[in-house]
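Notes to accompany the following structure.
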2 protein chains.
Amino acid sequence: MTAFVGVSDMVRWIAQHGAAEIMAGMADAVEEDFRRWESFDKSARVASHTPFGVIELMPISDPDLYAFKYVNGHPFNPARGYQTVTAFGVLADVHNGYPVFLAEMTVLTALRTAATSAMVARHLARADSQVMAMIGAGSQAEFQALAFHAVLGIEKLRIFDVDPAASEKFVRNLGSRGFDITVCSSASEAAAGADIVTTCTADKAVAQVLTDADVTPGMHINTIGGDCPGKTELDPRILDRGPVFVEYPPQTRIEGEIQNVAADFPVTEFWKVLAGTAPGRTSAEQVTIFDSVGFAIEDFSALRYLRESVAGTSLAHEIDLVAAPEDPKDLFGFATAPVPVA
Amino acid sequence: MTAFVGVSDMVRWIAQHGAAEIMAGMADAVEEDFRRWESFDKSARVASHTPFGVIELMPISDPDLYAFKYVNGHPFNPARGYQTVTAFGVLADVHNGYPVFLAEMTVLTALRTAATSAMVARHLARADSQVMAMIGAGSQAEFQALAFHAVLGIEKLRIFDVDPAASEKFVRNLGSRGFDITVCSSASEAAAGADIVTTCTADKAVAQVLTDADVTPGMHINTIGGDCPGKTELDPRILDRGPVFVEYPPQTRIEGEIQNVAADFPVTEFWKVLAGTAPGRTSAEQVTIFDSVGFAIEDFSALRYLRESVAGTSLAHEIDLVAAPEDPKDLFGFATAPVPVA
């Protein structure tokens, strides 16, 4: 049988452990897997694009465990009552190829994206960072805020969204969690005085939600909304303000902020910073940019973290996804066995 | 909610409708989708290889429906009590990206593979074909036999497997279904006098389960076991005996029998035969070869056929694979909602 964690299980998991605590643990899991980057069989995700959205499969494997995620991105969905992003994922045993774990990942992806952002900022942002600006207060925003609080101790938030209702929702959701939140009327106002700027907007367009003039020395920029071809968030001049760190270059060059610059634009693979083979931040004045698009290793980490956490609990159900004939060569006998009438 | 058809549902579906009847209907569904080949967004499958097996994702999309299949192939599995191949698949709505249907596909793949073989043979084998040789009596064998019976009326079978227990299992499973079965002691003996030869063996090796001398004029060869790099079944000289028909050349040139011949070896895309833009069999003496590796459109057809058949019945269950927050932009509020203590 395959273990299954559905949406209601996921909500119960978060209620039991706390979103912040989960993301702190997940940040460590992602960091652990980034540190063993070279032990993974990696590939860029496989995308099926239409004018109104994208559906992607993101496979990844280490010598023992295979993972993949199904994820869509449909920016016009919220106007029709659907979410922009939904996802689910699977872990499989490399040794026999059997799927062993299936989980909803709409919520899990939100957790892992924020956990990854915070983990990277733990290494790239100035250690004395106190204020984070957030451009975009959509589905991902509260997760980012909580993860940065849990991992870096960030309490002061300056937020801006073109939709005032989104900012109101953000304040409503996080108001009681000890943050000092300032709702701003522009991205520039939000960025003023910020140590960290997180951009998480959903438009499938070459946008400039942050301009070069908004960027001040010492800032760490965590850009997560530019994550597919034709979808960017930064004024391209910002990319020349400091080193650009990426997850997996073959994917980021197609999908990230760097998709609009030269194919040989210099980037640093972030895992090398953890490995000590590439520099991270080298001064307090430096601007650091994490051009995040989301990579399959992060889903691998999130799925294995979830699986370990729910193993043996009532949060993991069994579903009969895999046929198990007594004689493995007799699939036909199994499939055509007489069935008792219900 | 997403509809789910698990293994036990699949077995009940087959008991209700009959494997042969299902494969006859599925052959029509696959043919229908092959006829609108150009309306699909196609790509070669994404494979993760290890020395002992492969895990693959097979995505495909038409303008309305997206499908993918997860499938493994681990030839050493049966010796350890596992199946060589397991699979599951998903259909998603292209318009909003939501997964709408999840199904076991270990059994469904066996049905669609045989349905596809029979559908292709309906167009390429001699209309007066009566005898089919089967090299390999493993998991796929009975499905092939039943599909060829349902679609082409084949009743006489000559089978050979290196493992006598497999042949015994084959006879046990099909003995009561009106076939005239001859168990042979070699592939050559099985092929003697056959109008159609189906090779379905599982070794991950460059094998020659059928030799050039076994091939006689007028034969249709349906080779389905050579389906990944390093895994072939035919004496390469057979490929020069007559036209070679394939599903999707970018995939077949890597995975099929033609992987060991020149990159420009001439092949006919089978869908063009259906479209009337390429010749099929042109004489009764011609040898025709279907170099089948299994293509994503076949899974698409099988999934949509299954989905339509079980819609509104007790065979499709709902599972909560996709989070559905009331406010699609408030995933956080949804994910952190208070949960009643069980």
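Keep in mind the model is a prediction, meaning the values are calculated, not measured. Note on naming: letters A, B, ... go to the chains in the order of the sequence lines (proteins, then strands), and numbering restarts at 1 for each one.
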Portion of Asn96(B) that has a non-hydrogen atom of chain A nearer than 4.5 angstrom: both

Per-residue contact mode, Ala335(B) against chain A (heavy atom under 4.5 angstrom): both

Proximal component of Phe76(A), with respect to chain B [non-hydrogen, under 4.5 Å]: neither

N/O donor-acceptor pair under 3.5 Å between Glu104(B) side chain and Ala323(A) backbone: no

Partners meeting side-chain contact (heavy atoms from CB on, under 4.5 Å) with Arg172(A) (sequence neighbours left out): Lys169(A), Asp330(B)

Segment of Leu321(B) engaging chain A (4.5 angstrom heavy-atom cut-off): both

Test side-chain contact (heavy atoms from CB on, under 4.5 Å) applied to Thr313(A) - qualifying residues, sequence neighbours left out: Val310(A), Leu315(A)

Structural part of Leu102(B) lying under 4.5 Å from a heavy atom of chain A: side chain

Heavy-atom closest contact (Leu331(B) atom, Ala110(A) atom, distance): CD2-CB, 3.9 Å

Euclidean distance, Asp327(B) CG relative to Gln83(A) CD, rounded to 0.5 Å: 9.5 Å

Test item: His74(B) and Asp93(A) side chains (from C-beta on) under 4.5 Å apart, heavy atoms: no

Contact class of Phe170(B) relative to chain A, heavy atoms under 4.5 angstrom: neither

Asp320(A) (side chain) donor-acceptor with Ser8(B) (main chain) under 3.5 angstrom: yes

pair Ser139(B)-Phe332(A): side-chain heavy atoms closer than 4.5 Å: no

Aromatic ring pairing Phe68(B)/Phe88(A), orientation class (parallel under 30°, perpendicular over 60°, tilted between): parallel

Non-hydrogen side-chain atoms of Tyr66(B) and Asn72(A) separated by less than 4.5 Å: no

Within residues 92-112 of chain B or reaching into it, pairs that qualify as ring pair (Phe, Tyr, Trp, His ring centres under 6.0 Å) - sequence neighbours excluded: Phe52(A)-His95(B), Tyr82(A)-Tyr98(B)

Minimum heavy-atom distance between Gly97(B) and Thr86(A), given as atom pair plus value: O-OG1, 3.9 Å

Atom group of Ala324(B) that falls short of 4.5 Å from chain A, counting heavy atoms: backbone

Members of residues 160-168 of chain A whose heavy atoms come closer than 4.5 Å to chain B: Asp163(A)

Portion of Val46(B) that has a non-hydrogen atom of chain A nearer than 4.5 angstrom: side chain

